Amino acid sequence: MTLHAETPARTRLATYNKNHCPQCGEWLLAPDWSEYFNERCVRHTWSCQACGYEFETAVFFAPREEIAA
Ligand SMILES: [Zn+2]
């Protein structure tokens with residue numbers, strides 16, 4: 001068993017597997033817009049249909065060569 005002391009870089013709004021409106025909690029199906037900075041970083045722009053709140057999330061992919069299907 002190996003322990004890794006990882007210190008993930010913080011971004012303004014980084015969420016993982018959380019696609020809920022931060023304002024009203026409504027579940028969001030898909031981002032309105034996805035902007036690819038590079039192959040490991042994607043920024044999603046969301047808008048809540050329930051309350052109209054708009055926000056962004058940044059997703060960072062692990063450097064893997066295999067992509068789980
Ligand atoms: Zn909302």
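The figures here come from the full heavy-atom set of this structure, side chains too, leaving out hydrogens, waters and symmetry mates. In each ligand, atom 1 is the first atom listed, and ligand 1 is the first ligand listed. Treat the numbers as computed from the prediction; the structure is a model and nothing was measured.
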query = Once you round to the nearest 0.5 Å, how far does SG of C51 lie from CD of Q23?
reply = 4.5 Å

key: Atom CZ of F37 with >12 non-hydrogen neighbours under 6.0 angstrom   = yes

ask   = Around the Zn ion (ligand 1), what protein N, O or S atoms are found below 2.8 Å?
value = C21 SG, C24 SG, C48 SG, C51 SG

query = Looking at P31 and W46, what are the two nearest heavy atoms and their distance?
reply = N-CZ3, 3.3 Å

request  = Would you name the heavy atoms of H44 and V42 that are closest together and state the gap between them?
outcome  = CE1-CG1, 3.5 Å

Whether Y53 and F55 hold their rings parallel, tilted or perpendicular, with breakpoints at 30° and 60° = parallel

Closest contact, heavy atoms only, E39 versus F61 = O-CD1, 4.0 Å

